[in-house]
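The block underneath contains the structure these notes are about, expressed in structure tokens.
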Amino acid sequence: MRLILLGPPGAGKGTQAKRLVERYGVPQLSTGDMLRAAVAAGTPVGLKAKAVMDAGQLVSDEIVIGIIADRIGEEDARKGFILDGFPRTVAQAEALDALLAQKGLKLDAVIELVVDQDGLVNRIINRANESRAKGEPVRADDDPDVFRTRLAAYNRDTAVVAPYYEKKGQLTKVDGNQPIDAVSGALFALLDKVDA
Ligand code: AMP
């Protein structure tokens with residue numbers, strides 16, 4: 001299965017992607033996770049990306065397209081993948097189309113988690129509190145002010161990505177305001193058909 005999960009930061013893409021990994025046995029490819037790993041490892045990409053990520057802005061298309069091009073060529077992504085946090089611009093979506101076409105591959109689904117943005121800052125504050133309570137590290141960019149910048153970047157650059165797929169007849173919308181299990185249920189109902 002090859003799937004894209006779209007939606008603003010804090011919509012639950014990462015949480016749902018993990019459940020889909022378990023159910024469908026394909027890897028979650030999160031550009032955010034890959035970039036954080038690059039920052040932690042101090043690689044050249046990480047060194048370039050760190051300040052931009054800390055500020056809540058988007059890393060350059062060139063960098064993330066390069067990361068994804070490498071990653072979808074790896075062995076475990078051969079049977080499919082769940083893209084989480086990519087594409088975030090139309091240029092990234094076009095580059096992905098070209099990459100997949102080159103390999104003769106097609107997307108099975110593009111799903112947008114549609115959420116009410118007014119509640120997102122509170123969601124992110126809760127996510128940070130839950131991580132703290134579990135003794136887990138809190139993402140630096142889950143600070144409320146940085147989060148507002150991430151949301152602005154989403155509305156400026158990424159909100160156009162869902163219509164890009166909608167025009168191609170590939171987009172399905174799922175109500176992401178529902179409780180986590182209900183969102184998973186809606187996703188499973190859609191994707192079990194694709195996976196059958
Ligand atoms: P995420 O974990 O998806 O919320 O991503 C965290 C941060 O990584 C974002 O705020 C961006 O700075 C950067 N990032 C992740 N994915 C992308 C992408 N596809 N394009 C540009 N920047 C990205």
Side-chain angles (χ1 to χ4, degrees), residues 2-21 27-73 77 81-100 107 110-115 117 119-128 130-131 136-165 176 183:
R2 283 176 217 93
L3 165 71
I4 299 178
L5 274 184
L6 298 174
K13 299 186 298 294
T15 303
Q16 297 299 337
K18 289 189 174 60
R19 293 177 172 207
L20 299 176
V21 165
Q28 169 193 13
L29 310 189
S30 155
T31 40
D33 286 350
M34 292 182 236
L35 287 165
R36 280 184 287 278
V39 170
T43 66
V45 161
L47 294 176
K48 272 194 206 156
K50 184 178 185 326
V52 181
M53 292 173 73
D54 285 349
Q57 303 288 0
L58 292 187
V59 173
S60 75
D61 287 336
E62 194 195 346
I63 288 182
V64 289
I65 290 166
I67 290 178
I68 281 293
D70 289 345
R71 186 64 186 85
I72 62 177
F81 46 75
I82 298 162
L83 286 172
D84 157 17
F86 181 93
R88 259 178 160 96
T89 62
V90 168
Q92 292 178 22
E94 288 171 348
L96 177 64
D97 279 347
L99 269 171
L100 294 176
L107 292 168
V110 181
I111 297 181
E112 179 184 16
L113 295 181
V114 181
V115 294
Q117 291 200 7
L120 283 180
V121 178
N122 283 333
R123 265 199 193 195
I124 225 69
I125 292 171
N126 290 339
R127 172 157 97 186
E130 279 166 19
S131 296
E136 292 170 358
V138 175
R139 281 174 53 172
D141 62 356
D142 273 354
D143 161 88
D145 285 335
V146 179
F147 183 78
R148 285 187 191 94
T149 308
R150 288 164 60 203
L151 203 51
Y154 174 84
N155 287 323
R156 187 185 59 233
D157 298 318
T158 310
V160 289
V161 174
Y164 171 86
Y165 289 108
V183 176

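Each ligand, and each atom within it, is numbered from 1 in the order the structure gives. Note that this is a predicted model, so its numbers are computed, not measured.
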Starting from the N and O atoms of ligand 1, collect every protein N/O partner closer than 3.5 Å and put each pair on its own line with the distance to 0.1 Å.
unit_1   : atom_1 : unit_2 : atom_2 : d
ligand 1 : 2 (O)  : Arg36  : NH1    : 3.0
ligand 1 : 2 (O)  : Arg36  : NH2    : 2.9
ligand 1 : 2 (O)  : Arg139 : NH1    : 3.3
ligand 1 : 2 (O)  : Arg139 : NH2    : 3.2
ligand 1 : 3 (O)  : Arg88  : NH1    : 3.0
ligand 1 : 3 (O)  : Arg88  : NH2    : 3.1
ligand 1 : 4 (O)  : Arg88  : NH2    : 3.3
ligand 1 : 4 (O)  : Arg139 : NH2    : 3.0
ligand 1 : 4 (O)  : Arg150 : NH2    : 3.2
ligand 1 : 5 (O)  : Arg88  : NH2    : 3.4
ligand 1 : 12 (O) : Gln57  : O      : 2.6
ligand 1 : 16 (N) : Thr31  : OG1    : 2.8
ligand 1 : 16 (N) : Gly85  : O      : 3.4
ligand 1 : 16 (N) : Arg88  : NH1    : 2.9
ligand 1 : 19 (N) : Gly85  : O      : 2.9
ligand 1 : 19 (N) : Gln92  : OE1    : 3.0
ligand 1 : 20 (N) : Gln92  : NE2    : 3.0
ligand 1 : 22 (N) : Val59  : N      : 3.1

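For Thr89, the side-chain hydrogen bond (donor to acceptor under 3.5 Å, both in side chains) test picks out Asp61, with sequence neighbours left out. Listed by chain and number, the residues in a salt bridge (Lys or Arg N to Asp or Glu O under 4.0 Å) with Asp145 are Arg148 (sequence neighbours excluded). Shown here are the salt bridge (Lys or Arg N to Asp or Glu O under 4.0 Å) partners of Arg150, two or more places apart in sequence or in another chain: Asp141, Asp142.
More than 12 heavy atoms of other residues, nucleotides or ligands sit less than 6.0 Å from atom CD of Glu94.
To the nearest 0.5 Å, atoms NZ (Lys48) and CD1 (Ile63) are separated by 5.0 Å.
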side-chain contact (heavy atoms from CB on, under 4.5 Å) between Tyr164 and Asp97, worked out: CA-CA 11 Å; Tyr164 171 86; Asp97 279 347; 2.5 Å; yes
